[in-house]
Number of protein chains: 2
Amino acid sequence: MTAKPAATPQSSVELPVEAVQARRFEKARSAQATAVLEDYVELIDDLLASGGEARPTDIARRLGVTHATAIKTITRLKREGLATSKLYRGVFLTPEGHGLADRVRARHRLVVDLLRAVGVPEQCAELDAEGIEHHVSDVALDAFALFLKRQLKRQDP
Amino acid sequence: MTAKPAATPQSSVELPVEAVQARRFEKARSAQATAVLEDYVELIDDLLASGGEARPTDIARRLGVTHATAIKTITRLKREGLATSKLYRGVFLTPEGHGLADRVRARHRLVVDLLRAVGVPEQCAELDAEGIEHHVSDVALDAFALFLKRQLKRQDP
DNA sequence: GACTTTTTGTAGCCTAGGCTACATTTTAAG
DNA sequence: CTTAAAATGTAGCCTAGGCTACAAAAAGTC
Ligand SMILES: [Mn+2]
Ligand SMILES: [Mn+2]
Ligand SMILES: [Mn+2]
Ligand SMILES: [Mn+2]
């Protein structure tokens with residue numbers, strides 16, 4: 001199981017190339033698995049913050065899926081401890097869900113800002129960010145923030 | 001079906017906010033659906049270019065999945081006209097598959113380069129790019145290329 | 001209050017992409 | 001040539017996340 005440091009006589013601590021590559025793909029797959037949940041909690045939080053209610057039908061319409069699909073995913077949110085709901089009442093977020101929503105929203109904005117900063121048109125930035133956001137690590141996010149700060153300084157002397 | 005230009009008296013040609021948002025999510029979902037295929041063709045093309053053979057076992061090991069999973073996805077590649085294979089021979093790409101591989105590889109590199117350019121550490125850039133790449137539109141790619149070109153000019157006077 | 005519409009929920013189906021277990025074929029050793 | 005190992009393929013299972021169709025409840029209308 002534990003990848004032996006390898007019988008490569010030349011380099012010492014390096015994993016085999018294949019293993020490194022496999023790890024990349026695995027990470028991308030796991031990010032994808034949480035993407036749907038992230039979008040749901042962010043959207044639910046938005047709805048709760050603005051209108052006051054997050055109804056399954058609204059959620060479905062915003063996401064572009066049927067209400068049956070939305071309800072099923074909401075069930076998963078509840079199972080994972082991110083949301084709660086009672087029959088014919090709207091959906092609410094647990095503290096965990098709310099915390100996730102905040103992080104997801106911040107990340108979404110940062111990704112859009114970075115795309116804009118490197119010259120991506122606004123519409124396109126919003127569109128692409130919806131998918132990209134789920135694959136940006138915290139390290140990259142920090143780099144984005146730093147880049148944006150520096151760029152501001154350069155323009156605002 | 002056709003979204004009526006809306007009964008919003010204020011603005012004229014604007015779709016309802018919900019529809020715009022739904023379109024974003026739909027686009028992200030469809031990008032996700034092709035992500036696996038893109039990674040496969042890129043990897044197969046790499047293997048063919050370097051070693052000369054793309055065997056299911058190698059593909060599986062590089063992707064971090066079992067060979068059964070790899071073979072199943074290869075079946076899908078064939079069904080979609082991207083690859084060919086014969087029993088116990090390796091996998092090959094059709095012209096369409098090869099073309100896709102080239103585009104995917106170019107996009108991958110461009111994404112990594114952009115991440116590096118805005119200050120993301122190399123390891124992290126490679127890691128994140130594996131997921132991000134599938135969600136970057138052509139318009140954004142053009143913007144990335146332009147940004148990189150300009151940044152080069154700034155450093156190489 | 002009766003009736004209609006909307007919302008919500010449930011059931012059942014499909015595909016993609018994971019997995020394990022087992023069968024077969026090819027390749028490598030001896 | 002025989003046999004062991006590796007590669008390949010198949011079968012069957014699971015989950016996630018889509019969908020449609022139907023059922024029940026809530027909300028609006030008259
Ligand atoms: Mn998203
Ligand atoms: Mn988002
Ligand atoms: Mn990828
Ligand atoms: Mn890639």
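Letters A, B, ... mirror the listed sequences (proteins, then strands); counts begin at 1.
Among the heavy atoms of the strands lying under 4.0 Å from A:Arg79 are primed sugar atoms or P, OP1, OP2 only; no base atom is included.
Applying the salt bridge (charged side-chain N to carboxylate O under 4.0 Å, His left out) test to A:Glu96 and every residue at least two apart in sequence or in another chain returns nothing. Remark: A:Arg61 engages A:Asp58, B:Glu18 in a salt bridge (charged side-chain N to carboxylate O under 4.0 Å, His left out) (not counting sequence neighbours). Residues passing the side chain to side chain contact (heavy atoms under 4.5 Å, CB included) test with A:Asp142: none are found, sequence neighbours excluded. Residues passing the side chain to side chain contact (heavy atoms under 4.5 Å, CB included) test with B:Asp113 are B:Leu148, sequence neighbours excluded.
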Solution key, residues 121-132 of chain B side-chain donor-acceptor pairs under 3.5 Å, sequence neighbours excluded:
unit_1, atom_1, unit_2, atom_2, d
B:Glu126, OE1, B:His108, NE2, 3.3
B:Asp128, OD1, A:Lys27, NZ, 2.8
B:Asp128, OD1, A:Ser137, OG, 3.3
B:Asp128, OD2, A:Ser137, N, 2.9
B:Asp128, OD2, A:Ser137, OG, 2.7
B:Glu130, OE1, A:Arg24, NE, 3.4

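For the pair A:Arg154/A:Arg150, no side-chain contact is recorded, criterion being any heavy-atom separation below 4.5 Å from C-beta on.
Its side chain within the 4.5 Å cluster rule, A:Leu87 clusters with A:Tyr88 among the Ile, Leu, Val, Met, Phe, Trp and Tyr residues. Cluster partners of B:Leu47 are A:Phe25, B:Val36, B:Leu37, B:Tyr40, B:Val41, B:Leu43, B:Ile44, B:Leu48, B:Ile59, B:Leu63, B:Val65, B:Ile74, B:Leu77, B:Leu82, B:Val91, B:Phe92, B:Leu93, B:Leu100, B:Val104, counting Ile, Leu, Val, Met, Phe, Trp and Tyr whose side-chain heavy atoms approach within less than 4.5 Å, directly or via other members. Summarising the hydrophobic clusters (Ile, Leu, Val, Met, Phe, Trp, Tyr; side-chain heavy atoms under 4.5 Å, direct or chained), the residues clustered with B:Ile71 are none.
Scanning DNA chain C 5' to 3' for nucleotides with an atom closer than 4.0 angstrom to a non-hydrogen atom of chain B gives a first and last hit of C:dA16 to C:dT26.
Whole-Å rounding puts the A:Ile71 CD1 to D:dC22 P distance at 17 Å. Nucleotide D:dT10 holds its C1' atom 10 Å from the NZ atom of B:Lys72, rounded to whole Å.
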Where do N or O atoms of nucleotides 3-7 of chain D meet protein N or O atoms at under 3.5 Å, pair by pair?
unit_1, atom_1, unit_2, atom_2, d
D:dA7, O3', B:Arg55, NH2, 3.1

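Here ring-ring contact (aromatic ring centres under 6.0 Å, His included) pairs that include residues 115-143 of chain A, with residues two or more places apart or in two chains, are A:His135-B:His135.
Residues of residues 27-46 of chain B having a heavy atom closer than 4.0 Å to DNA chain C, listed by number: B:Ala33, B:Val36.
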